[in-house]
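Bear in mind the structure is a predicted one, so any value in this text is a computation, not a measurement.
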Amino acid sequence: MQQYQGGNFSHTDFFFTGFYGLEDQRWLLFFPFVLMFMLSTFANSVLIFVIKTQRSLHSPMCVLIGAMACVDLGMPTVFIPKMLLGFLFNWDSISLLGCLVQMFFIHFVGSFQTSILLCMALDRYAAICIPLRYNDYMNIPNSIKFIVATVVRNGIFVVIVVILAGNLPYCSSNLIDHCFCEHMALVSLACGSTVLNSVFGLVAVFCIITVDCICIVVSYVKIFYSVFKSGKSSRKAIHTCTTHIIVMCVTYTCTMTAFLSYRIRNSLSPNVRVLISIMYMFLPCCFNPFIYGIRTKEIREQLLKLFQSPKIIHSSVTVSSVISK
């Protein structure tokens, strides 16, 4: 059923047109993206399994790494399957309600990437700068307060962004130049004023991503100042912080590149703009588990035990069979 708002025809069904410039070769995109999706799902699932099953990894930092893996596991699941079906079978239609629901989960789940990075920075600050009071700050009651405050803050901003987008009349076109319901890609189809949507979108980005980024930077500045001032255990402390800084740089670089590509005039082709937007959502989910798995010593040791144990069992079985003969 179609609706009318303010005398204007408003679409209630939309079609994704991302990468349609490739024409008959569009289906080839299915293969690299499905491989990345399988890689992300496998790597994050293994990381979550190891952290959950190994009691030695139940420290606050490893739990936060597990939480990041949960976010990285959930993020692609929200939009990648639909996108893959579109590449393979041209199933590109979506209702306005379905689009808004997808938009909500994409931005709500994605907003926790920076929130978890902030919590990691605060954990490192407490462990390095005020180690004697670490247990006073990084305890279960304070963690619950942080989680509740983060969920409320992120949820309120994302809900308002989605509601404002849902109230717009979409009478100009129902072709979304994207592969999923990105906020600005949908809002750009509205025939009414979108100033409020753009302004509140910027406010949401500032209050979630920018505020978290500022707090993270301040935390690490204090950490490095404290480390270099004391001169004790500097190498270990810097190595621990560097891992989180690498993840933070990957996340924020992808985010800001996609954000600016839609809001600043540029000569990027539609296909490149869509690819950048997908990679900002997808790339950190693929690389984060490997960064944490390789650079975090405790997790790396448990992963090596996990993947080496079948070989050990196989070799022991072989030896026993030889002895019996």
Side-chain angles (χ1 to χ4, degrees), residues 13-22 25-49 66-114 116 154 158 161-162 165 175-186 209 247 250-259 261-262 270-293:
D13 294 293
F14 295 86
F15 296 89
F16 296 119
T17 61
F19 298 116
Y20 260 97
L22 299 178
Q25 286 74 39
R26 185 171 179 261
W27 65 274
L28 293 173
L29 294 173
F30 172 85
F31 297 101
F33 281 111
V34 76
L35 289 176
M36 291 179 66
F37 181 59
M38 293 170 62
L39 175 66
S40 173
T41 303
F42 174 76
N44 285 293
S45 298
V46 170
L47 189 59
I48 294 169
F49 173 79
M68 179 65 81
C70 290
V71 171
D72 291 338
L73 182 64
M75 173 69 77
T77 307
V78 176
F79 70 96
I80 290 295
K82 171 69 175 174
M83 186 180 76
L84 293 176
L85 292 174
F87 290 155
L88 206 56
F89 303 110
N90 291 325
W91 294 352
D92 297 311
S93 63
I94 190 170
S95 66
L96 177 60
L97 178 60
C99 189
L100 295 174
V101 170
Q102 188 186 67
M103 183 192 301
F104 169 80
F105 281 106
I106 287 174
H107 293 292
F108 183 67
V109 176
S111 65
F112 286 98
Q113 288 181 326
T114 60
I116 294 174
N154 297 357
V158 174
V161 166
V162 173
L175 302 179
I176 302 176
D177 187 16
H178 217 299
C179 296
F180 60 87
C181 284
E182 200 273 339
H183 176 244
M184 289 305 298
L186 177 64
I209 298 178
V247 173
V250 171
T251 301
Y252 278 102
T253 300
C254 295
T255 301
M256 293 309 299
T257 302
F259 179 81
S261 67
Y262 272 90
N271 289 340
V272 173
R273 190 180 293 112
V274 172
L275 180 62
I276 290 173
S277 187
I278 294 174
M279 287 296 101
Y280 118 77
M281 305 287 291
F282 203 13
L283 201 61
C285 301
C286 295
F287 281 97
N288 286 351
F290 292 98
I291 295 172
Y292 284 123

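Annotation: side-chain contact (heavy atoms from CB on, under 4.5 Å) contacts of Leu88 (sequence neighbours excluded): Phe30. Among residues two or more places apart in sequence or in another chain, the side-chain hydrogen bond (donor to acceptor under 3.5 Å, both in side chains) test is passed with Asn44 by Ser40. Remark: Thr41 pairs with no residue by the side-chain hydrogen bond (donor to acceptor under 3.5 Å, both in side chains) rule, at least two apart or across chains.
In this structure, the side chains of Cys286 and Met279 stay at 4.5 Å or more apart for every pair of heavy atoms. Side-chain contact between Leu186 and Leu100: present, with at least one pair of heavy atoms (C-beta onward) separated by less than 4.5 Å. Proximity of Phe87 to Val34: side-chain heavy atoms (C-beta onward) are nowhere separated by under 4.5 Å.
Between Arg26 and Asn90, the shortest heavy-atom distance links the atoms NH1-OD1, 3.4 Å. Closest heavy-atom contact between Ser111 and Asn154: OG-ND2, 3.1 Å. Closest approach of Ile48 and Ala69 over heavy atoms only: CG1-CB, 3.6 Å. When all heavy atoms of Pro284 and Gln113 are compared, the closest pair comes out as CB-NE2, 4.3 Å.
Looking only at distances, no side-chain donor or acceptor of Arg273 sits under 3.5 Å from a matching main-chain atom of His178. With hydrogens and angles ignored, the 3.5 Å screen pairs no side-chain donor or acceptor of Lys82 with any backbone N or O of Cys179. Between the Thr17 side chain and the Ile176 main chain, a donor and an acceptor come within less than 3.5 Å of each other.
Ring planes of Phe112 and Phe108: perpendicular class, angle over 60° (limits at 30 and 60°). Between His183 and His107, the ring planes lie perpendicular to each other; the angle is over 60°, past the 30° to 60° tilted range.
Checking each of Phe282, Phe16, Phe33, Phe19 against Met83 for a side-chain contact (heavy atoms from CB on, under 4.5 Å) leaves exactly one that passes, namely Phe33.
No more than 12 heavy atoms of other residues, nucleotides or ligands shown are found within 6.0 angstrom of CZ on Phe287.
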